[in-house]
Amino acid sequence: MNADPRTTFTVAVRGMSSTRQARQARPGSTGRRAALVALAALAGLFAGPAPSWSQDLKSAPSFVDDFTSFNRQRWYVSDGWTNGGHQNCTWAKGQVSLADGVLSLGFEKQKTKDRDYACGEIQTKQRFGYGTYEARMKTDTGAGLNAAFFSYIGPSDKQPWDEIDFEILTKDTSKVQVNAYIAGKGKNEKLVDVPGGTEKAFNDYAFVWQKDSLRWYVNGQLVNTITDPAKLPSHAQKIFFSLWGSDTMTGWLGAFADPGRRLSLQIERVAFTAQGEPCQFPESLACSVK
C-alpha cells in the first residue's frame with residue numbers, strides 16, 4: 001500500500017488561464033455511461049475526414065520533466081470543477097503537490113461544492129503529435145478509483161475526440177487497461193499485466209504513436225498494438241494525469257468505499273520524444289524502439 005510522499009510544495013494555479021479545458025467524461029470498458037454516447041455524437045460533429053499525414057504533423061517540441069520543479073508554462077492544474085455526474089470528487093489544486101522529485105495527485109475526503117471528495121488532475125497546455133510518450137509512476141490501491149496517464153483532445157478544443165490511454169483501475173493493481181478513442185469511438189481496450197503490481201514500485205508506461213501504428217509498452221515490454229487505420233488517432237493531443245473516483249461506475253471501477261485516508265498517484269517522470277528525434281534520457285524507450 002502506497003505511502004504518500006511528504007508534501008513540501010502545493011501547486012497553485014493563480015495566473016493560469018481561466019479557460020476550463022474540461023475533458024468530457026470518458027467511459028471505461030464494462031458499464032460505460034449512456035451519457036458518453038451523446039458525447040461521441042457531439043465529437044462526431046467535429047469529425048471530418050482524417051487529414052493526410054506528414055512528417056510535419058503539428059506538435060509541441062520534445063520534453064522531459066523529472067519534476068525537480070513545477071513548470072507552470074507546461075502544466076495546467078484542474079481546479080474547482082468535475083468531468084460529470086459520474087465523478088464523486090471535485091478537481092482541486094490542493095491535491096497536486098511536489099516533494100523530492102515526485103509529483104503527487106491526491107484523492108481524499110474533502111467537501112467541495114456538491115462532492116464529498118477532492119481529487120487531482122494536470123494537463124499540458126500544448127498539444128503533441130506522433131512520437132513516444134512515457135511516464136514513470138506508482139499508484140495507490142482502492143476500489144472505485146482510476147489512476148490515469150493519457151493523451152486527449154476533444155470538443156472542448158473544437159476537435160474530434162481522440163485519446164490514447166493507460167488507466168489503472170486500482171481495485172486490481174496487477175493490471176493496467178490500455179485503450180484508444182478515435183472520433184469518440186472506443187472499444188479498443190485491453191487489460192495487460194503489470195508484473196509486481198502498480199502500487200509496489202514505480203513502473204514505466206509508454207506508447208509509441210505513428211502514422212501506421214499505435215503501440216503500448218509496460219516496463220519496456222510491448223503489450224498491445226493497433227495497426228487498423230480506422231483505429232488510429234490523427235489529431236495532436238494534450239497529455240494528462242489524473243486520479244478520480246466514482247460511486248456509480250461499479251461495473252468498471254468496482255464499488256467505491258471511503259478509503260479513510262489520502263490516496264495518491266505518484267509520478268517521477270514524463271517525457272515526449274517527437275518522431276524522428278533522438279532519445280532524451282538513457283532509459284527512454286525511444287532509445288531502443290523505432
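We number each residue from 1, following the sequence as shown. Only a predicted model underlies this, so the values are computations on that prediction, with no experimental measurement involved.
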Heavy-atom closest pair, residues Thr198 and Asn203: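 Reported closest heavy-atom pair: CA-ND2, 3.8 Å.
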Atom of Phe67, atom of Leu98 and distance for their closest heavy-atom approach: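 Minimum heavy-atom separation between Phe67 and Leu98: O-CD1, 3.3 Å.
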I'd like to know whether the aromatic ring centres of [X] and [Y] sit less than 6.0 Å apart in this structure.
X      : Y      : answer
Trp244 : His86  : yes
Phe149 : Tyr205 : no
Phe256 : Tyr117 : yes

Just verifying a value: how many Å separate Tyr152 OH and Gln123 CD, rounded to the nearest 0.5 Å?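 CD of Gln123 is found 10.0 Å from OH of Tyr152.
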When rounded to the nearest 0.5 angstrom, what is the spacing between CH2 in Trp161 and CD in Gln237?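 So the CH2 of Trp161 and the CD of Gln237 are separated by 12.0 Å.
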Decide yes or no for [X] and [Y]: does some side-chain heavy atom of the first lie under 4.5 Å from some side-chain heavy atom of the second?
X      : Y      : value
Phe240 : Glu121 : yes
Phe241 : Val270 : yes
Thr170 : Asn146 : no
Leu232 : Ile226 : yes

With sequence neighbours excluded, residues passing side-chain hydrogen bond (donor to acceptor under 3.5 Å, both in side chains) with Asp204: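 Arg136.
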List in chain and number order the residues that pass side-chain hydrogen bond (donor to acceptor under 3.5 Å, both in side chains) with Arg115, two or more places apart in sequence or in another chain; answer none if no residue qualifies.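 Thr82.
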Phe128: partners by ring pair (Phe, Tyr, Trp, His ring centres under 6.0 Å), with sequence neighbours left out: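 For Phe128, the residues satisfying ring pair (Phe, Tyr, Trp, His ring centres under 6.0 Å) (neighbours in sequence not counted) are Phe63, Phe272.
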According to a hydrophobic-cluster definition based on side-chain heavy atoms being under 4.5 Å apart (Ile, Leu, Val, Met, Phe, Trp, Tyr only), do Ile168 and Tyr217 belong together?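 No, Ile168 does not connect to Tyr217 through the hydrophobic network.
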Same apolar cluster (I L V M F W Y, side chains within < 4.5 Å links), Leu285/Val178: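 No, Leu285 does not connect to Val178 through the hydrophobic network.
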Which residues pass the salt bridge (charged side-chain N to carboxylate O under 4.0 Å, His left out) test with [X], not counting sequence neighbours?
X      : result
Lys190 : none
Glu108 : none
Lys290 : none
Lys231 : none

Is there a donor-acceptor pair under 3.5 Å between the side chain of [X] and the backbone N or O of [Y]?
X      : Y      : result
Gln87  : Cys89  : yes
Thr227 : Ser213 : no
Ser78  : Trp91  : no
Asp165 : Glu167 : no

Between the side chains of Gln266 and Ser104, is a donor N or O closer than 3.5 angstrom to an acceptor N or O?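 Side-chain D/A pair, Gln266 to Ser104: absent.
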Just checking, any donor-acceptor pair under 3.5 angstrom between side chains of Asn179 and Asn188?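 Judged by distance alone, the side chains do not pair up.
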If the condition is side-chain contact (heavy atoms from CB on, under 4.5 Å), which residues does [X] pass it with, not counting sequence neighbours?
X      : answer
Thr112 : Thr90, Gln110, Ala118
Ala286 : Thr132, Thr273, Cys279, Ser284
Val223 : Val192, Trp216, Val218
Asp193 : Lys175

Is the shortest side-chain N to carboxylate O distance from Lys238 to Asp157 below 4.0 Å?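 Answer for the salt bridge query: yes.
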Just checking Gln221: does its CD atom have more than 12 heavy atoms from other residues, nucleotides or ligands closer to it than 6.0 angstrom?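 Open: at most 12 neighbouring heavy atoms sit under 6.0 Å from CD of Gln221.
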As a quick check of understanding, evaluate side chain to side chain donor-acceptor pair (under 3.5 Å) for Glu199 and Thr173, giving each step before the final call. CA-CA 6 Å; Glu199 87 288 11; Thr173 55; 2.9 Å; yes
What salt bridge (Lys or Arg N to Asp or Glu O under 4.0 Å) pairs are there with at least one residue in residues 249-260, not counting sequence neighbours?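 Listed by first then second residue: Lys109-Asp258.
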